[in-house]
Each structure stands twice: as structure tokens, then as C-alpha cells.
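Working notes for the structure below.
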Amino acid sequence: MQQSNTYIIVFSAVLTIVLGGLLSLANQGLKPMQQKSVELDTKKKILSAVTDLQEKKGDEIIDLYGQTIESVVVNIDGEILEKDKDGNPLIAENIDIAKNYKMAPEERLYPVFKYHQAGNKEAVEAYIFPIYGKGLWGPIWGFIALETDLNTVKGVSFDHKSETPGLGARITTAEVSNRYVGKKVYNDGKLASVVMLKGENNAASNLDEHHIDGLSGATLTAKGVNEMLENYFIYYKEYMNKAKTNATEKVALLN
Amino acid sequence: MVEKKPAEPVLSKRRKKFVSDPLNDDNPITVQVLGICSALAVTTQMKPTLTMAISVIMVVVFANLIISLIRSLIPSRVRIIVQLALVATLVTLVSEVLKAYQYDMYKELSVFVGLIITNCIVMGRLEAFAMANKPWDSILDGLGNGLGYSWIILAVAFFREVLGSGKVFGWPVFEAIGIQNFPTNGLMVTPVGAFFILGIIIWVQRTKTGYVEH
Amino acid sequence: MSHTLKLKKGFDINLSGKAEKKLAACDQPKTFALKPTDFVGIQRPKVMVAVGDTVKAGTPLLFCKMMEEVKYCAPVSGEIIEIKRGDKRKLLEIIILADKEIVSEPYKKFSAAEIQQAEKSELVNLMINSGVWPNIIQRPYGVVANPADTPKSIFVSTFDTSPLAADISFVLKGEEKFFQAGIDMLKKLTPGKVNIGVNADVSQDTFSRINNAEIHPVSGKHPAGNVGVQIHHIDPIAKGDLVWTVSAYGVAQIGKLFLEGKYDASKVIALAGSEVKNPQYYKTYTGACINKFVEQNVTGDEVRFVSGNVLTGEKIKSDGYLGFYHQQVTVIPEGTHSEFLGWILPTTKKLSFHRAFGLLSFMNGNKKEYVVDTNMMGEHRAFVQTGVFEKVTPMDILPTYLIKAILAEDFDEMESLGIYEMIEEDIALCEFVDVSKNNLQQLLREGLTLIKNS
Amino acid sequence: MKFIKDIFDKNKPAFEKGGKFEKLMPLFETFETLFFVPDHVTPAKGAQIRDAIDLKRMMMTVIIAMIPSLVFGIWNVGYQHALATGQAMDFGQQIWLGTLVVLPIVIVSYASGLTVEFIFGIRKGHALNEGFLVSGMLIPLVVPPTIPLWQVAIATVFAVLIGKEVFGGTGMNIFNVALTARAFLYFAYPSQISGNVWTYLGDKNPVDGYTGSTILAIANEASVTKSGSVVEVLANSNTIISADFFSFTNMFLGFIPGSIGETSTLMVLIGAVILIATGVGSWKIITGVFAGAYLTALMFNMIGANGFMLMPAHYHLVIGGLAFGAVFMATDPVTATQTERGKWIYGILIGILTIVIRVFNPAYPEGIMLAILLMNAFAPLIDFYIVKANKQRRIQRATV
């Protein structure tokens with residue numbers, strides 16, 4: 001049966017309206033849930049650099065985040081920024097690190113997440129810094145959490161786009177990230193960073209507080225991680241210095 | 001008085017075949033070799049694979065149902081575009097729902113859910129079956145093909161996750177039975193591994209059924 | 001005389017038991033046979049005689065229903081004593097008990113000058129009825145030529161490089177005049193040339209003085225003497241081309257028919273091979289029973305009698321009959337033995353074209369003569385390409401690919417890879433050197449049959 | 001020999017049709033033909049005599065050519081162990097240790113591969129094909145001595161199954177079986193085979209400052225981290241053992257860590273001489289690979305964008321598995337090009353690709369493996385054009 005053009009046009013129009021309506025309805029209806037999902041995802045990642053979240057459910061995480069995280073955005077000089085160039089308020093959680101990475105380091109925005117005791121903003125327990133860099137095949141990124149001395153590593157979490165499975169991709173495993181815990185960033189006030197060594201099963205004598213065991217066969221990914229960490233320690237240097245002074249001041253005040 | 005023909009049972013033998021045939025003899029992946037792209041891409045772990053499988057079942061069942069319902073209304077000249085529009089709408093819906101309730105899966109599957117649109121299984125069933133059959137039959141046909149697709153990708157995912165990550169649905173099986181440090185097979189994590197697993201499944205299946213390429 | 005064609009590829013199989021160049025005195029065999037199986041093209045033979053009939057040399061015995069005009073005639077006069085048939089009544093042999101004195105059918109005589117002047121149709125008519133026509137072979141396919149066709153050229157190879165081959169110059173000694181007449185006759189059959197391949201490695205070749213034909217000196221190892229190789233280099237066959245070939249003996253026989261007016265099937269054959277006590281030449285007739293020659297003249301119990309040479313010939317019994325086209329009988333040991341670790345032990349005694357570990361025959365130089373038996377020397381295996389076929393095929397043809405095309409029954413590939421240029425004898429050396437022990441000649445024939453019937 | 005023959009003859013009926021072990025006939029046949037060349041004779045029509053060559057002998061030739069590499073490899077495992085752990089070991093101890101490490105790998109490789117072959121042989125009812133005899137020896141030679149045995153087994157089974165049987169068995173496979181095994185290991189268990197710590201240490205600790213990395217791994221890293229010229233970095237590596245540990249001579253002779261059979265270019269060249277002299281390996285392919293690699297490396301020297309590019313061209317020929325691959329893998333008659341002219345193209349392209357992969361691909365230092373596998377895939381295409389040219393000549397000839 002060959003329908004007339006009018007029929008086809010009418011049919012198409014009706015179909016478009018029905019399907020389009022259906023889609024926008026779904027979009028509107030699901031929007032709040034979706035936003036919450038995105039938010040949860042970001043917050044989960046930040047928190048996982050300092051605590052174990054395995055047991056917690058979505059709402060609990062958001063609650064926990066609200067209670068324990070205070071976020072600020074700083075620039076390369078460690079100054080806290082409230083508004084962006086266009087005058088919109090800056091929210092640390094919404095900053096796209098990957099986009100910032102494309103700009104010159106001086107122009108980037110650097111979010112900082114302060115982890116404190118639930119409800120008590122003063123009792124800071126850790127600082128969480130997002131990091132970003134290049135692996136062997138593509139970008140790698142993650143968060144590093146430092147203790148209040150801004151020297152001892154409290155925890156790290158890494159992620160990557162396309163490192164070699166079984167080699168470089170191992171940076172996401174707990175086995176590797178645990179190696180960082182307790183290591184020191186500064187050596188006598190000088191930046192020493194935490195460096196992943198070449199090859200696995202290095203002699204214990206080589207693993208001092210600035211060095212961790214490497215990844216067999218993934219020397220180049222390890223090199224990317226090392227560079228990423230060192231870069232961001234430099235970028236956050238000013239902020240860290242200020243935070244340290246504040247902390248000592250506070251301690252002095254309390255005394 | 002005209003005697004009424006007794007209604008066909010809801011699950012008559014004929015209808016059961018709609019569901020059972022695509023599971024093995026006429027499997028969309030291993031026999032018709034459709035939907036290979038997603039079979040390779042999403043099957044590193046079982047969880048996203050299951051999500052993908054359910055998504056495809058939903059899309060193909062509902063698309064079959066709707067197309068079958070309005071089949072007499074669809075102008076034949078534009079039927080492909082109508083089918084495409086419907087499938088695209090359903091896929092977008094699935095994608096939106098995933099984004100809202102299963103964000104992890106949404107991120108992981110990302111583009112592959114969208115690619116259900118181009119999955120030949122869906123369009124193929126619409127054109128070959130739903131356009132010419134009643135709604136209930138079409139639902140069964142969609143279900144059969146969806147399941148046929150699902151069990152294959154789940155099987156592939158099972159082997160890839162067990163061998164590649166030592167886990168099933170994220171649960172470390174080897175540690176559970178006392179094998180620590182199971183040497184995971186990196187090949188299984190890459191799409192190449194999926195090729196091999198799929199190849200072996202097809203090989204075994206064809207040896208059993210005696211299927212010969214025409 | 002044109003430029004010498006030098007062929008680098010190939011391999012001479014140097015066997016012991018070469019025939020000494022002298023004619024042995026020996027009684028003629030009692031029986032002779034015409035074997036329709038010798039003629040590749042014959043599909044539906046029709047016998048024209050019955051058991052008990054008496055025939056003369058040149059009396060038609062049978063024809064093929066596909067090409068009725070060509071008659072296959074009795075080589076000797078005598079009485080038909082048996083018509084042997086095999087499975088499905090396939091005609092195998094027509095056996096004649098020979099007269100003491102051979103009587104020939106009288107045919108019209110021509111002088112050399114008359115041949116030049118006579119009508120072509122008259123000459124052809126005589127040839128197809130008298131029994132000499134089957135000497136003319138058509139390429140492609142290697143079947144008896146159809147008298148209705150006109151070939152673009154005609155080729156005659158006057159030397160044979162195959163193992164233990166009869167020396168054609170010796171065999172045709174004193175027949176030069178018939179050979180010349182035969183060439184003159186052939187010249188009338190084609191608008192093109194009659195090409196004669198002569199052995200450039202032998203000086204003073206009688207055949208290089210032949211007139212009315214193009215002489216092509218050819219030098220090289222086997223298969224340089226194969227007419228197919230010579231055609232390939234001189235005037236190759238493309239799709240749709242027809243070329244005729246005649247053996248040197250065949251040319252002389254044709255000449256004799258015209259000059260003497262009779263079908264003379266007498267020929268000199270070589271009896272050779274490592275198991276022959278006195279390898280030498282015998283004068284007899286086409287289709288002779290070989291028992292007279294081999295009786296008391298063979299050492300060893302387990303031997304194989306081959307009508308023809310060891311590369312392309314056919315196994316026959318000790319009282320079997322010489323093939324129509326064959327000019328030699330070869331006797332070699334049968335190889336029914338299993339050798340302990342024979343696949344790895346180093347040896348200089350086994351002949352090999354290869355030099356794989358332990359095959360040291362290449363160190364013997366090319367003068368050494370070998371005794372080779374009929375053992376396969378290994379098992380049949382999947383086709384493994386080693387590049388060795390190309391080394392023994394002095395043609396711009398890739399035998400490996402041709403064989404693969406035949407296995408795949410891919411007609412276009414067979415055609416474009418040059419199947420029209422080959423018959424069994426051209427691929428025989430490949431069959432000999434093949435590591436995987438495939439029967440390539442049979443395979444090639446299957447391919448040719450496929451194409452011919454398509 | 002008679003009594004062995006008798007044993008076979010006595011037991012044969014059990015394996016023949018209707019016998020108790022009818023299904024195991026291929027197995028029986030394999031062993032019988034290993035001892036005795038069968039008494040098959042040529043058919044009545046056609047070639048009445050055959051060349052003394054057969055596939056077994058051809059394959060054995062390849063294995064014999066590999067023996068120098070194998071023996072040297074066994075010794076080198078012990079030698080490297082002594083160097084790395086700082087022990088004093090005499091020649092005999094080194095050989096003994098090497099044998100203890102290498103022999104199990106060889107046995108596992110053969111046992112697992114032959115098992116698969118037999119299963120398929122029995123299913124299809126044909127005797128074992130000799131092809132695996134070579135592959136089974138190649139596999140141990142291309143893996144590091146530190147490889148776990150179970151990985152050898154899995155890789156071998158995978159290679160025979162996926163690399164060969166799915167294509168229809170020997171003669172039909174597209175990819176070199178041993179390289180398929182190596183590639184499988186490379187992608188499946190990369191940490192064991194990516195070029196770090198390739199010296200067998202056993203339960204001993206290496207001496208301080210020792211690196212068991214392969215030269216390729218070191219060179220590769222040196223070029224990426226831009227830490228000076230590769231030659232310098234090599235000269236400064238493992239100075240703890242000897243100042244010229246990674247000198248050209250040492251690398252050529254093979255006194256370096258690496259895959260069992262690959263380290264000594266000299267031994268490989270001895271194998272090459274055997275293969276070429278016997279005509280079993282194509283000299284065109286071997287020469288092509290070396291020439292292609294050398295010229296490409298020379299060209300890179302001129303460009304000289306990084307340390308690896310600047311490495312002297314002749315170094316490329318003696319490090320890694322290039323020589324071994326060129327001589328024993330690229331020449332595999334089944335997977336290489338089959339036309340004579342194609343062999344040149346095939347060999348040269350392998351050489352070029354090897355250097356390109358080595359220099360430009362930081363993750364896969366061993367270029368020859370991927371280069372050969374890639375060219376395996378393209379070999380039919382090269383042949384296609386050579387054959388096409390042959391056909392073209394035939395057609396043109398006709399019109400002239």
C-alpha cells in the first residue's frame with residue numbers, strides 16, 4: 001500500500017512529537033537523579049583518597065562529604081579564589097582538571113579539598129589535591145591526600161585512560177596505591193617528591209621514605225606518575241606553604 | 001453461527017520456537033554474526049556486560065512491540081527511518097535511566113549503549129519480524145534474540161573476567177578458594193581476548209551443530 | 001639457425017643402467033598390443049575388429065566416437081587373440097598374435113616432390129586412416145590432435161633429457177630421409193612454422209641439418225628436452241591457441257608412410273635401468289610385449305618394469321606391453337622396504353635434489369650414477385611450499401600456485417597461471433622433488449580434464 | 001633393528017581398523033614412521049621414483065640448525081646466573097644449572113604442544129605432522145629463562161590451537177606458531193616478558209647495582225628518558241660486573257641476558273649457514289631482514305631525533321631477537337611469502353618494521369616479533385601481486 005505524501009508527513013510529525021515528548025519528559029524527570037549521580041561520583045573519588053568507602057551507600061557518602069570536606073580553589077600563588085574571570089562563583093567540585101591541564105600552569109585553577117573531622121572545620125586531618133598528567137599511552141590522573149604536616153602521604157588514588165593492561169594499568173590497584181602511604185614529600189624542607197623506582201622487587205635498602213617499589217615492565221607509566229606528582233607538588237607549593245604557616249599559627253594560638 | 005477458532009495458547013510450540021531458536025541454532029552473534037562490536041568492547045567484566053545485555057533486551061523487546069503495534073500505520077516508504085527514530089528514542093531512554101540510577105555503569109558503557117542503535121540485531125528484528133507479525137509474537141521474538149545475544153556476551157565476559165581479572169561480578173573467586181595472586185591474563189582484558197573467546201565459542205558451537213557456512 | 005636457448009633451471013636424474021648404444025639381437029615377441037589407455041583423449045573407444053580376425057600392419061582396430069575420422073591401427077600383422085576389458089567394460093588392450101613376416105596394408109606412395117604438390121586434404125586423409133595420426137599431439141591438454149583444426153605452429157623435440165632416455169639420434173639413425181619427409185608433410189599442416197628443438201650440448205647433431213623448419217638449439221638440464229618447455233620459450237601457448245607436437249620418431253613414421261606407402265610401426269627401443277644385466281637397444285614394433293627382452297636379462301627378484309622413463313612412465317608386468325608413445329623400458333628395484341631411521345641418517349647414496357641435513361648426494365658431483373627404487377621415501381603430507389618447484393621448472397610458471405588453483409578447482413586461476421602450457425611430463429620433476437609426496441602429474445591431469453570438459 | 005620392527009608389526013593389528021585401539025592409529029603411525037620410513041611405493045602411473053627428501057628430514061634440518069643456539073643458551077643461563085649473583089661457578093656447573101632451567105621448558109613445550117597435536121590428529125585420523133617438531137623447539141628459545149613453566153604450557157597450547165588448528169592444521173596456518181606463543185605471552189603475561197630481569201636468579205639475590213634487563217629495554221628507556229646516548233647508557237650499565245658488559249663484541253657473541261636462544265648472534269649465524277647451505281631456509285629472506293634493518297637504522301642515524309635513533313646501526317643487528325627471528329622465524333616456509341621475488345620484499349619489510357617498532361614504540365621493545373607477525377599477515381598480499389605480475393606477463397605475451 002502506497003500512502004500519500006500528506007499521510008507520510010502527518011505520520012512523521014506525530015511520531016516526532018510523541019517521541020520528542022517522551023524524551024524531554026524522561027530528561028526532565030530524571031535530571032535531579034542524574035545530577036546527584038554525577039555529584040556522588042566526584043565526591044566518592046575525592047573521599048576515597050583518604051577513607052575506605054566500600055561499605056557506604058550513595059546518600060551516606062554525600063552526607064559524609066558534606067560533613068567532612070571543605071573545598072577551596074586556589075591559583076598558582078596559593079591565593080584563594082572566590083569567583084572566576086566572568087564573576088561566577090567557583091565551586092571546586094565542578095572544576096574540570098583535564099581542561100585546566102591544557103592551560104599554562106599560571107592560569108590554571110587548583111582545587112583543594114580539606115578533610116576534617118565531621119562537623120568541625122578547624123580539625124583538618126588531610127589535604128586532598130587533584131593531579132593530572134601523561135602516562136605512556138594517554139592521560140593519567142588521580143588524587144593525592146597529604147596529612148596536615150603537608151609532607152606525609154595519607155593516600156593516593158590513580159586512574160588512567162589507556163595504559164597497558166597488566167603493566168601500566170596496575171597503578172589503579174590498591175596494591176600500588178598502598179605503597180605510597182606514609183611516604184614523605186619533603187626532605188629537610190626541600191621537595192623530594194615520592195618516586196616510583198624502576199622494576200619491581202627492588203632491594204629494601206633502596207626503598208627509603210621518598211621511594212617506592214616500581215612496576216615491572218611499566219617503567220614509562222611509572223615515569224609519568226612520578227612527573228605528575230612532582231609537577232603538582234610544585235604547583236601547590238605556594239598554597240602548601242601558606243597552609244603550613246596557618247597551621248603553625250593556629251597551633252601557636254591554641255598554645 | 002460461525003464457530004470461533006480456538007485461541008492459540010499463549011506459549012504455543014510455535015511461539016516457544018521464537019524464543020528458543022535464537023538461543024542456539026539461529027544465534028544472532030555466533031550464527032548470524034551480528035552485534036560483534038559491542039560483544040568485543042563491553043565484555044571485560046560481567047557487571048557492565050549484564051547491564052548491556054539487559055539494555056539490549058529492553059530495547060529490542062519494546063522496539064519490536066511498538067513497531068508491531070503500529071506496523072499497519074507505518075508508511076512503507078519511510079519505515080526504516082521510523083524504526084531508526086524509535087530505536088534511537090528507546091536507546092536514549094535507556095541511557096538516561098542508566099545515567100540517573102547506575103552512573104558507574106553509564107560511565108563505563110558510555111558510547112556503547114548509544115551504539116545499540118546501530119546494532120544490527122535490533123534493526124534486523126524490526127525489519128524482518130516485527131513489521132510482519134503480531135505484537136505478542138514480536139515480543140517473544142525480541143526476547144529470544146535479546147537473550148541469544150545476552151548469553152553469548154555474558155559467556156564471553158565470564159571467561160574474560162575470570163581469566164583477565166580473576167573475578168566474577170567483581171568478586172575475587174580465586175582468593176575465595178585459596179589461590180592468592182592468581183596470574184591474570186592480560187590478553188583477556190584487551191578486545192583481542194574477546195575475539196579469541198568468541199571464536200572458540202563459535203568453533204565449539206559449530207562443531208556441535210554441524211553448521212556449515214554457505 | 002637461431003640463437004641457442006640456455007635453460008638454467010632443472011635437474012638431471014642420473015641413474016645407473018644406461019643403455020649401451022648397440023642393437024641387441026633378439027627374437028621378436030609373439031604378441032603385440034594396442035592400448036587405448038595410452039591415448040589421453042580417447043573417451044569412448046569403438047572396436048572395429050573381433051577376436052579371431054586377421055589384420056595387417058596398418059589395419060584400423062578402433063576409433064574414438066568423439067573423433068571418428070582418426071583410426072588407431074594395428075602395429076603388426078597377425079590374428080586378434082584377445083580384447084581385454086577392465087572395470088565397467090573399459091577397453092584396456094587389443095592383443096595381436098604376430099605373423100612371422102609382417103604384412104602391411106598398401107597405401108599410396110608419394111615422392112618427396114609429390115608431397116609438396118599434393119592436396120593437404122588428401123595427405124591428411126591418408127594419415128588419419130593409416131595409423132600415423134595419433135603421433136600428432138595437440139597442446140593444450142596433450143591429446144591426439146583433431147585433423148579439422150589448424151595449429152598456429154608445430155613443434156618437434158629431437159632429444160630426450162629424461163632419465164635413462166633412449167638416444168634419439170641413435171634410434172633414428174638412417175631414417176633422416178623419412179624424418180625430412182615427415183617435416184615437409186607437417187609444414188603443410190600449419191600456416192606457421194615447424195619448430196625443431198635440437199640438443200645444443202651435442203655437436204654435429206643430425207637434426208640441425210633438416211630443411212623446411214626452424215631449428216632451435218636448446219641447452220640445459222632436464223626438462224630441457226621436453227617439447228612443452230621449448231614451446232614455452234619459443235612460441236608460447238595462450239588461451240585459445242593450438243599447437244601441435246610430434247615426437248621425432250613420429251615424424252619419421254609419417255615420412256615413411258608417404259615415401260614407402262605403409263604404416264611401419266617398427267621402432268628401436270632402449271632397455272635400461274639398474275636392474276638390467278645388459279642395458280642396450282632392441283629393434284621391435286610399437287606395442288611389443290616386453291617379456292622376450294627382459295627374460296634372463298634382469299637381476300633381483302623385486303623389480304618394477306616401467307614402460308617409458310621413470311618420471312612419466314607406467315608400471316607394467318614382466319609380460320606387459322610397451323606403450324604407444326614409449327621408446328624405452330626401464331627396470332628398477334621395487335621399494336617395498338621400510339628403512340630404519342631412514343628419514344634422518346646421513347647418506348650419499350640416496351639421490352636428492354635437496355641438500356637438507358644428511359642428504360649428501362650433491363657432494364658426489366654430477367657424474368655419479370644412482371640406483372633409485374620405487375619407495376616413496378616418506379609419507380604424504382599437507383602441501384608445504386619450499387620454493388623448490390620453481391627451481392626445477394625452467395618456465396615462467398609458478399607450479400605451486402597452479403597446483404593450488406587445481407586443488408581449488410578455480411578455472412580462471414588455472415588458465416591465468418598457465419595450465420595450457422603444461423602436461424604431465426612438464427610437472428614430473430616437481431613430483432619427483434616434492435617434499436610432501438603429492439602425485440602432481442595426476443593432479444595436473446585432473447585440472448586439465450576439468451578445464452577441457454568445462 | 002629387526003626387533004624394533006617386530007614390536008611394531010606385532011602390535012599393529014590392535015591399531016588397525018576393527019582393532020582395540022583403532023582410534024589411536026595416528027599415534028601408532030607417528031611412532032612407527034619415526035623409526036621406519038614406511039614401505040609405500042610410487043603409484044603405477046607418474047613418477048616411479050622419488051627424491052630422498054621428506055618433511056621429517058626438512059624439519060630436522062631446522063632443529064639441527066638451532067642446536068648451536070640452544071647449547072649456547074643453556075650455558076649462558078648458567079653464566080648469567082653466576083655473574084648476577086656474584087658466585088664463582090665453573091663451566092660444568094654453569095652448563096648444569098642451565099640445563100636444569102632450560103630442559104624443563106623444552107619438555108613442557110613439546111609435551112603440551114604434542115598433546116594438542118595428537119588430540120587433533122586422532123580426531124581427524126591423520127598422523128602427527130612434523131611441523132610442531134620445529135615450533136616446539138623454537139618456543140623455548142624465544143622465551144626468557146625466568147618464564148614460569150605453566151606459562152610455557154598455556155602459550156604453547158594456545159599457539160597450536162589458535163595459531164594452527166583453527167586454520168586447518170600444518171600448512172594452512174597464517175601466523176608462525178612459535179611467534180604466536182611468544183606474542184600470547186607478551187600480551188597475556190606482560191610482566192614476565194617485557195624485558196626486565198631476564199636473568200635466572202633462583203633463590204639468590206643479585207649483586208648490588210645489577211640490572212637483569214635486556215638491552216632493548218635499557219636502550220628504549222634511555223631514549224625516552226633522554227639520558228644521553230644509548231651506547232653510553234649501555235656502557236654504564238652493569239659496570240659492577242665488567243666494564244664492557246654491553247660492548248658490541250659481547251652482544252655479538254651473546255654473553256648478555258636475554259631470551260634463551262636469542263642472545264648469541266654468532267650462534268644464530270651458524271644456524272643460518274646450516275639453513276642456507278641445506279637450502280631449507282631462504283637466504284633471500286634472511287639477507288632481506290638484515291639489510292632492511294641495517295639500512296633503516298642508518299637512516300634513523302641521519303635523522304637522529306632521539307638516543308635510540310642515534311644508536312649505531314650495526315648494534316641493531318646484534319641486540320634483541322632480530323638475528324634469531326630473521327633466521328628461524330621469518331623463514332618458516334608456511335607463513336612466509338611463497339614466491340621468490342616476494343621473499344625479498346617480505347624480508348626487507350620485516351627488517352624495516354623491526355627497527356621502526358623498536359625505535360618508535362616504547363611499550364613493545366621487541367620489534368622483530370611484531371614485525372614478523374604483521375608481515376605473516378601481509379605475505380599472501382605480496383604473493384598476490386607477484387603472481388599477478390606473472391599472469392600479466394602471460395597475457396601480454398599472447399597479444400604480442
Side-chain angles (χ1 to χ4, degrees), chain C residues 236 238-239 304 306 310-315 332 334-344 347 350-359 361 372-379 381-387 390 396 398 400-401 416-418 424 428 431-437 439 441-442, chain D residues 1 4-5 29 32-58 60-61 64-65 126-127 129-131 168-172 274 277-280 282 333-334 336 338-340 343 383 386-388 390-391 393-395 397-399:
Chain C
K239 189 181 179 182
R304 180 182 289 199
V306 180
V310 290
L311 281 181
T312 58
E314 194 176 350
K315 173 183 169 181
I332 51 172
E334 195 67 82
T336 48
H337 55 82
S338 15
E339 193 190 348
F340 181 66
L341 294 184
W343 56 277
I344 189 62
T347 169
K350 289 185 186 169
L351 174 66
S352 178
F353 176 72
H354 299 258
R355 295 177 173 195
F357 174 80
L359 293 179
S361 62
V372 183
D373 61 34
T374 62
N375 194 285
M376 289 293 276
M377 311 272 190
E379 298 149 278
R381 282 290 180 259
F383 208 67
V384 173
Q385 148 72 19
T386 53
E390 283 74 10
D396 188 15
L398 302 166
T400 322
Y401 282 88
S416 51
L417 286 167
E424 287 98 325
E431 182 169 285
F432 172 75
V433 298
D434 184 15
V435 174
S436 309
K437 312 288 177 191
N439 296 327
Q441 297 189 50
Q442 190 192 338
Chain D
M1 306 319 126
I4 306 179
K5 183 81 194 151
E29 225 175 277
E32 191 187 13
T33 58
L34 203 58
F35 282 98
F36 296 97
V37 174
D39 55 0
H40 303 165
V41 293
T42 52
K45 221 172 166 179
Q48 310 283 322
I49 56 173
R50 296 296 169 104
D51 195 296
I53 188 82
D54 72 343
L55 208 56
K56 278 197 182 70
R57 199 183 278 268
M58 255 188 73
M60 276 314 291
T61 309
I64 287 166
H126 61 61
N129 219 309
E130 288 80 9
T170 305
M172 316 290 277
I274 296 178
T278 55
V280 172
S282 162
V334 178
Q338 318 209 322
T339 49
E340 292 304 303
K343 283 174 181 167
D383 281 339
I386 305 283
V387 173
K388 198 173 159 190
N390 176 286
K391 294 177 189 167
R393 278 199 295 280
R394 196 159 292 112
I395 290 167
R397 198 184 59 187
T399 55

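In what follows, chains are A, B, ... by sequence order, proteins preceding strands, each numbered from 1.
With chain D as the partner, the residue from C:E424, C:K350, C:K437, C:E334 showing the most heavy-atom pairs under 4.5 Å is C:K437. Between chain D and the residues C:L351, C:D396, C:T400, C:V433, the largest count of heavy-atom pairs under 4.5 Å involves C:D396. Comparing C:G378, C:G335, C:S352 by how many heavy-atom pairs each has under 4.5 Å with chain D, the most go to C:S352. Listed options C:I332, C:T347, C:L398, C:D434 were ranked by heavy-atom pairs under 4.5 angstrom with chain D; first place goes to C:L398. Comparing D:M58, D:K56, D:K343, D:K45 by heavy-atom pairs within less than 4.5 Å of chain C, the highest count is held by D:K56. Residue with the most contacts toward chain C among D:P38, D:S282, D:G279: D:P38 (heavy-atom pairs, distance under 4.5 Å). Among the candidates D:A336, D:G46, D:P43, the residue making the largest number of heavy-atom pairs closer than 4.5 Å to chain C is D:G46.
Contacts of D:Q338 with chain C are made by both backbone and side-chain atoms, with heavy-atom separations under 4.5 Å. For a residue to count as touching a neighbouring chain, one of its non-hydrogen atoms must lie under 4.5 Å from one of that chain's; by this rule D:V280 touches chain C with the side chain only. For D:I53, the parts lying near chain C are the backbone and the side chain together; criterion is any non-hydrogen pair under 4.5 Å. Contact of C:V306 with chain D is made through the side chain alone, with heavy-atom distances under 4.5 Å. Contact annotation for C:E314: both backbone and side-chain heavy atoms come within less than 4.5 Å of a heavy atom of chain D. Contacts of D:A277 with chain C are made by backbone atoms alone, with heavy-atom separations under 4.5 Å and no side-chain atom involved. Heavy-atom distances place the backbone of C:H337, and not its side chain, under 4.5 Å from chain D. Only the backbone of C:T312 has a heavy atom closer than 4.5 Å to any heavy atom of chain D.
Residue D:Q48 holds its CD atom at 5.0 Å from CZ of C:R304, rounded to the nearest 0.5 Å. D:D383 CG to C:Y401 OH: the interatomic distance, rounded to the nearest 0.5 Å, is 3.0 Å. Distance check: C:M377 CE to D:D51 CG gives 8.0 Å after rounding to the nearest 0.5 Å. Between the CZ atom of D:R50 and the CG atom of C:N375 there is a distance of 10.5 Å, given to the nearest 0.5 Å.
Here the closest non-hydrogen pair linking C:L359 and D:A52 is CD2-CB, 3.8 Å. The two residues D:T61 and C:F357 have their closest heavy-atom pair at OG1-N, 2.9 Å. Across all non-hydrogen atoms, the minimal contact from C:D373 to D:I49 is O-CG2, 3.6 Å.
Side-chain atoms of D:T42 and C:M376, non-hydrogen and from C-beta on, do get closer than 4.5 Å to each other.
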